[in-house]
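This structure is a prediction, so every number in the text was calculated from the model and none was measured. Both backbone and side-chain heavy atoms feed into the values below; hydrogens, waters and symmetry mates do not. Counting starts at 1 for both ligands and their atoms, following the listed order.
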Amino acid sequence: MSLIVQKFGGSSVANAQRVKHVAGIIAEKYLEGNDVIVVLSAQGDTTDDLIAKAEEINDHASKREMDMLLSTGEQISVSLCAMALEAMGLPCVSLTAWQVGIQSTSVHSDARIKRIDSERIQSELDQHRIVIVTGFQGLDRNGDVTTLGRGGSDTSAVALAAAFHAELCQIYTDVDGVYTTDPRLVPNARKLDEITYDEMLELASQGAQVLHNRSVELAKKFHVNLEVLSSLEKKPGTTVKEVVKVEKTNIAGVAKDTSIARIALVGLQHNPGVAFQVFDLLSKSNINVDVILQSIGRQDSKDITFTVHKKDMAEAEKILNEHKEALKFDHLEDDDSIGKVSIVGAGLMSNSGVAAKMFEALYEAGINIQMINTSEIRVSVLLDENDVNKAVKAIHGKFFDEV
Ligand code: ADP
Ligand code: ASP
Ligand code: MG
């Protein structure tokens with residue numbers, strides 16, 4: 001007998017019919033003789049609807065209260081799914097993060113899972129019940145409800161798979177696997193049979209929504225067998241693993257991210273410690289910084305430009321302006337109409353032609369690059385937000401359509 005974790009995303013449980021369909025998928029695994037832990041997201045657009053509800057009352061609500069509200073969406077899904085399984089005569093129990101003991105950090109809206117108590121789930125599994133757990137939520141050391149960031153149910157699933165040494169963690173979604181880019185934007189994107197953890201982590205971190213980036217990080221760390229597949233069609237999906245069979249000659253995929261904003265500190269002093277001061281201030285407020293560019297210092301002055309998540313832009317500016325005297329910058333500039341497009345592939349850096357090919361595609365499409373940033377297996381460019389979709393199509397076409 002094996003233990004399987006199955007996670008179903010919002011569209012997979014969007015209505016009664018879908019919930020019943022999902023119950024059928026769960027039942028199949030259970031009736032094969034497996035122990036099954038199920039993780040669910042909120043139904044359809046519930047999380048967005050809850051955010052809109054909050055904004056009707058207070059558009060600056062505290063993150064603690066937002067987490068209290070948003071975590072309710074997942075509770076609806078798990079109870080409904082349990083009812084569907086009950087109707088099929090199958091033993092099951094739905095549990096929230098509080099009941100399971102999913103302990104997290106206290107960073108509301110962006111918490112990280114620290115540990116998962118095993119007793120409750122284990123005792124339910126020992127009684128041969130299907131265990132259905134709310135995704136996306138945790139509990140901090142004060143007992144307050146936290147959420148793990150948008151898309152965080154994937155991370156709940158992988159964390160449970162790691163904690164219970166599951167044989168397999170299946171992420172069921174509304175596409176039948178990981179593609180070379182978002183198949184909704186580029187219809188001829190290709191499905192990948194397999195992809196490495198490292199490539200998937202970069203794609204997810206650069207905006208490929210199909211997996212939450214932290215879920216991939218955890219899967220790599222704890223060697224979780226991860227599979228992305230469709231809840232709508234029964235066919236093989238994409239396996240995410242350490243090493244893939246085929247030696248990559250090309251890139252694994254193209255990702256886009258339009259949730260970023262750029263901030264520039266102009267006229268900083270050209271002294272040691274300036275970058276440290278700036279980024280230390282931001283990190284103490286839990287503001288994640290992504291692409292960083294520092295200009296060459298001239299006449300005792302330099303500029304530092306960086307990107308943050310759009311939702312953090314106002315707070316980052318407030319903090320920096322509050323410390324304007326200590327940081328000694330001349331002025332601050334911002335731009336929230338930018339986007340980022342990235343190519344990801346193992347061995348990309350050992351083949352300089354790949355980056356050139358990406359830039360050629362952008363040139364041919366008449367798109368201007370604002371900033372460039374690379375890692376060992378990724379090249380990212382910052383562009384005008386309006387150019388992002390065009391850039392993804394042009395780059396994807398260059399790598400996957402041309403021979
Ligand atoms: P769920 O609700 O199941 O968690 P998400 O909406 O979070 O589903 O993620 C699935 C979506 O991710 C797909 O519908 C697709 O539009 C998008 N997506 C973006 N990039 C990719 C990619 N490279 N491969 C597959 N899907 C992708
Ligand atoms: N319901 C949450 C969201 O919409 C978590 C998830 O779907 O993974 O972001
Ligand atoms: Mg998701």
_salt bridge (charged side-chain N to carboxylate O under 4.0 Å, His left out), that's the test. Do Asp174 and Arg184 meet it? Break it down for me._
CA-CA 11 Å; Asp174 56 2; Arg184 295 187 199 284; 3.2 Å; yes
*Run the numbers on Gln137 and Thr134 for side chain to side chain donor-acceptor pair (under 3.5 Å), then give the verdict.*
CA-CA 7 Å; Gln137 55 181 254; Thr134 48; 3.3 Å; yes
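Neither the backbone nor the side chain of Ser41 comes within contact range of ligand 1; no heavy atom lies under 4.0 Å. Under 4.0 Å from ligand 1, heavy atoms of Asp182 appear from its side chain as well as its backbone. Only the side chain of Ser41 comes within 4.0 Å of ligand 2, counting heavy atoms alone; its backbone N, CA, C and O stay farther away. Residue Thr181 touches ligand 1 through its backbone alone, judged by heavy-atom distances below 4.0 Å.
Ile338 is listed as a side-chain neighbour of Thr307, based on a closest heavy-atom distance under 4.5 Å. Contact check for Leu90 versus Cys92: no side-chain heavy atoms found under the 4.5 Å cut-off.
Under a 4.0 Å criterion applied to the non-hydrogen atoms of Glu74, ligand 2 contributes the atoms 1 (N), 2 (C), 5 (C). The Arg150 neighbourhood of ligand 2 comprises atoms 3 (C), 4 (O), 9 (O), with distances under 4.0 Å to a heavy atom of that residue. Against a heavy-atom cut-off of under 4.0 Å, Ala208 is close to the following atoms of ligand 1: 20 (N). The ligand atoms of ligand 1 that sit less than 4.0 angstrom from a heavy atom of Val175 are 13 (C), 14 (O), 25 (C), 26 (N). Within ligand 1, the atoms closer than 4.0 Å to a non-hydrogen atom of Val178 are 24 (N), numbered from 1 in the order shown.
From the protein, the heavy atom lying nearest to atom 25 (C) of ligand 1 is Gly177 O, 3.4 Å. In this structure, atom 3 (O) of ligand 1 lies nearest to the protein heavy atom Thr173 OG1, 2.6 Å. In terms of protein heavy-atom proximity, atom 12 (O) of ligand 1 is nearest to Val210 N, 3.5 Å. Summary of contacts: the protein heavy atom closest to atom 2 (O) of ligand 1 is Gly10 N, 3.2 Å.
Counting heavy atoms of neighbouring residues, nucleotides and ligands inside a 6.0 Å radius, atom CE of Met68 does not exceed 12 of them. Crowding of Glu242 atom CD: a count of heavy atoms from other residues, nucleotides or ligands under 6.0 Å exceeding 12.
Heavy atoms of Gly152 approach ligand 2 to within less than 4.0 angstrom. For the ligand labelled ligand 1, residue Lys7 lies inside the 4.0 Å heavy-atom shell. Ligand 2 has Gly151 within reach: a non-hydrogen atom of the residue lies less than 4.0 Å from it.
Here side chain to side chain donor-acceptor pair (under 3.5 Å) pairs that include residues 100-118, with residues two or more places apart or in two chains, are Asp67-His108, Gln103-Asp117, Ser104-Thr146, Ser106-Asp140, Asp110-Arg214, Arg115-Asp117.
When Tyr179, Tyr172, Phe8 are ranked by how near their heavy atoms come to atom 24 (N) of ligand 1, first place goes to Tyr179. Remark: among candidates Ile195, Asp174, Val344, the nearest residue to atom 13 (C) of ligand 1 is Asp174, based on non-hydrogen atoms. Summarising the contacts of atom 7 (O) of ligand 1 with Gln209, Arg150, Gln206, His212, the nearest heavy atom is found in Gln209.
Residue Ser153 has at least one N or O atom closer than 3.5 Å to an N or O atom of ligand 2.
Taking a cutoff of 4.0 Å between a charged side-chain nitrogen and a carboxylate oxygen, Glu333 and Arg262 do not qualify as a salt bridge. A salt bridge is absent between Lys241 and Glu227: the closest approach of a Lys/Arg side-chain nitrogen to an acidic carboxylate oxygen does not fall below 4.0 angstrom. Between Asp48 and Arg150, at least one side-chain N (NZ, or NE/NH1/NH2) sits under 4.0 Å from a carboxylate O, which counts as a salt bridge. Here Glu217 does not pair with Lys221 in a salt bridge; the nearest charged N to carboxylate O distance is not below 4.0 Å.
Of the possible polar contacts, none joining the Glu28 side chain to the Ile25 backbone as a donor-acceptor pair under 3.5 Å is found.
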